[in-house]
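Let me begin by presenting the structure, written as structure tokens, before commenting on it.
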Amino acid sequence: MFTAVVDGQVLRFALLPPYLQKLGRSRKELEATAGWELTSAALRAMKAECARHQISFVLMFVPEKTQVYWPLAERFFSPAKLQEAADFYSQYTGSMTRIDDVRMNRLAQNDLLREFCAAEGIPMVDLTYVLERQVQSGRQVYFPDDTHWNAHGHDVAARELARFLADRP
């Protein structure tokens, strides 16, 4: 569990080891997975099904907690402390996670999905940055010891989706 004081607010957060490990994967590694093959095929099928019924298909990317809190962790903790935590977490995943890989690849999944959606003509709203701004300003958006949004996180996501949809024709 990490603790950081941001603008007088105490933020406590834990990171789930498998998600931290996944953030260390490069875009090339992500594209080569069966998961990406299944995901891209499913998104194409959903778009086609919506089109058949004259329904707009919009994708909302919901970032994992580690993606949102990682910049805060880097802001408040030394690379050595973060690597120590990653090494501790790695005991549970069976695979070492390098924080340099996480720093470099944290948004690889976002970029891959954004570019896919642009190429496929699928409107996409990525909640990563709006949630990250909340955390950087001292507001919790996920439960401290869980990977799910708290009430404020849900509210932020709903407002961002409403804003995104209001800007669409």
Side-chain angles (χ1 to χ4, degrees), residues 1-27 29-30 35-36 39 43 58-117 122-168:
M1 181 76 74
F2 294 94
T3 303
V5 179
V6 182
D7 291 336
Q9 300 297 314
V10 177
L11 298 181
R12 293 177 48 96
F13 58 98
L15 306 176
L16 191 63
Y19 293 129
L20 180 63
Q21 181 182 12
K22 185 175 83 172
L23 290 185
R25 297 175 80 183
S26 71
R27 178 184 173 140
E29 290 172 305
L30 293 171
W36 174 247
T39 298
L43 291 172
V58 173
L59 180 72
M60 182 169 75
F61 181 79
V62 177
E64 197 281 318
K65 179 181 179 179
T66 305
Q67 285 181 297
V68 173
Y69 281 77
W70 189 257
L72 182 74
E74 286 188 320
R75 181 173 148 199
F76 281 89
F77 302 100
S78 70
K81 174 72 174 167
L82 291 174
Q83 188 60 60
E84 179 183 318
D87 291 346
F88 175 77
Y89 289 156
S90 293
Q91 296 175 48
Y92 301 98
T93 62
S95 178
M96 296 303 292
T97 300
R98 292 175 0 109
I99 63 162
D100 289 340
D101 292 339
V102 174
R103 181 180 300 114
M104 186 170 37
N105 298 309
R106 176 177 73 97
L107 300 174
Q109 184 179 24
N110 306 54
D111 295 340
L112 176 60
L113 198 53
R114 185 181 305 99
E115 290 174 23
F116 171 83
C117 286
I122 300 171
M124 177 184 155
V125 57
D126 182 345
L127 297 177
T128 305
Y129 300 105
V130 69
L131 292 170
E132 186 180 314
R133 282 192 302 274
Q134 291 293 308
V135 169
Q136 292 291 346
S137 70
R139 298 289 310 266
Q140 289 276 23
V141 292
Y142 291 83
F143 289 106
D145 59 350
D146 192 339
T147 60
H148 296 92
W149 290 330
N150 61 18
H152 182 64
H154 279 277
D155 188 48
V156 169
R159 282 195 318 264
E160 185 66 11
L161 181 59
R163 185 200 60 73
F164 181 83
L165 293 174
D167 291 344
R168 302 208 39 84

Set of side chain to side chain contact (heavy atoms under 4.5 Å, CB included) partners for M96, sequence neighbours left out: D87, S90
4.5 Å side-chain heavy-atom contact, L113 and L59: yes
Does R106 form a salt bridge (Lys or Arg N to Asp or Glu O under 4.0 Å) with E132? I'd like the steps, not just the answer. CA-CA 13 Å; R106 176 177 73 97; E132 186 180 314; 3.2 Å; yes
Would a 4.5 Å heavy-atom cut-off, applied to side chains only, mark Y19 and K65 as touching? no
With W36 via ring pair (Phe, Tyr, Trp, His ring centres under 6.0 Å) - residues at least two apart: F116
Are any of the side-chain heavy atoms of L16 and T66 separated by less than 4.5 Å? no
With side-chain contact (heavy atoms from CB on, under 4.5 Å) as the criterion, how do L107 and Y129 come out once you've worked through the C-alpha distance, each side chain's angles and the decisive distance to 0.1 Å? CA-CA 10 Å; L107 300 174; Y129 300 105; 3.3 Å; yes
Can you list everything that forms a side-chain hydrogen bond (donor to acceptor under 3.5 Å, both in side chains) with R25? Sequence neighbours excluded, please. none
If I compare all heavy atoms of S137 with all of Q134, which pair ends up nearest, and what's the gap? OG-O, 2.8 Å
Quick one, V130 and F164 - any side-chain contact, counting heavy atoms below 4.5 Å? no
Test side-chain contact (heavy atoms from CB on, under 4.5 Å) on F61 and R114 and set out the steps. CA-CA 9 Å; F61 181 79; R114 185 181 305 99; over 6 Å; no
Rounded to the nearest 0.5 Å, how far does CZ of R12 lie from CG of D145? 8.5 Å
Taken to the nearest 0.5 Å, the spacing of H154 NE2 from W149 CH2 works out to 6.5 Å
Does F2 have any ring pair (Phe, Tyr, Trp, His ring centres under 6.0 Å) partners at least two apart in sequence or in another chain, and if so, which? F13, F77
Under the side-chain hydrogen bond (donor to acceptor under 3.5 Å, both in side chains) rule, collect the residues that match up with D7, sequence neighbours excluded. none
Applying side-chain hydrogen bond (donor to acceptor under 3.5 Å, both in side chains), name anything that partners R159, two or more places apart in sequence or on another chain. D155
Applying side-chain hydrogen bond (donor to acceptor under 3.5 Å, both in side chains), can you list everything that pairs with T128, at least two apart in sequence or on another chain? N110, D126
A side-chain contact here means heavy atoms from C-beta on lying under 4.5 Å apart; do V5 and F76 qualify? no
Quick one: does S95's side chain get under 4.5 Å of T97's, heavy atoms only? no
How many angstroms lie between atom CG of L82 and atom CZ of R103, to the nearest 0.5 angstrom? 8.0 Å
Tell me, please, which residues at least two apart from R139 pass salt bridge (Lys or Arg N to Asp or Glu O under 4.0 Å). none
Applying ring pair (Phe, Tyr, Trp, His ring centres under 6.0 Å) to H152 and not counting sequence neighbours gives none
Tell me every residue that passes ring pair (Phe, Tyr, Trp, His ring centres under 6.0 Å) with Y89, counting only those two or more places apart in sequence or in another chain. none
Write down the atom of Y69, the atom of V141, and the distance for their closest heavy-atom approach. OH-N, 3.2 Å
Considering residues at least two apart in sequence or located in another chain, which fulfil the salt bridge (Lys or Arg N to Asp or Glu O under 4.0 Å) criterion with E160? R163
Shortest non-hydrogen contact from G24 to N105? O-ND2, 3.0 Å
I need the L23 CG to I99 CD1 distance, nearest 0.5 Å. 13.0 Å
Specify the closest pair of heavy atoms between G138 and L11, including all atoms of both residues, with the distance to one decimal. O-CD2, 3.5 Å
Under the side chain to side chain contact (heavy atoms under 4.5 Å, CB included) test, which residues partner R27, sequence neighbours left out? E31, A108, D111, L112, E115
I'd like to check M60 versus L127 (side-chain heavy atoms, cut-off strictly below 4.5 Å). Are they in contact? yes
Do E64 and Y142 have a side chain donor and acceptor closer than 3.5 Å? no
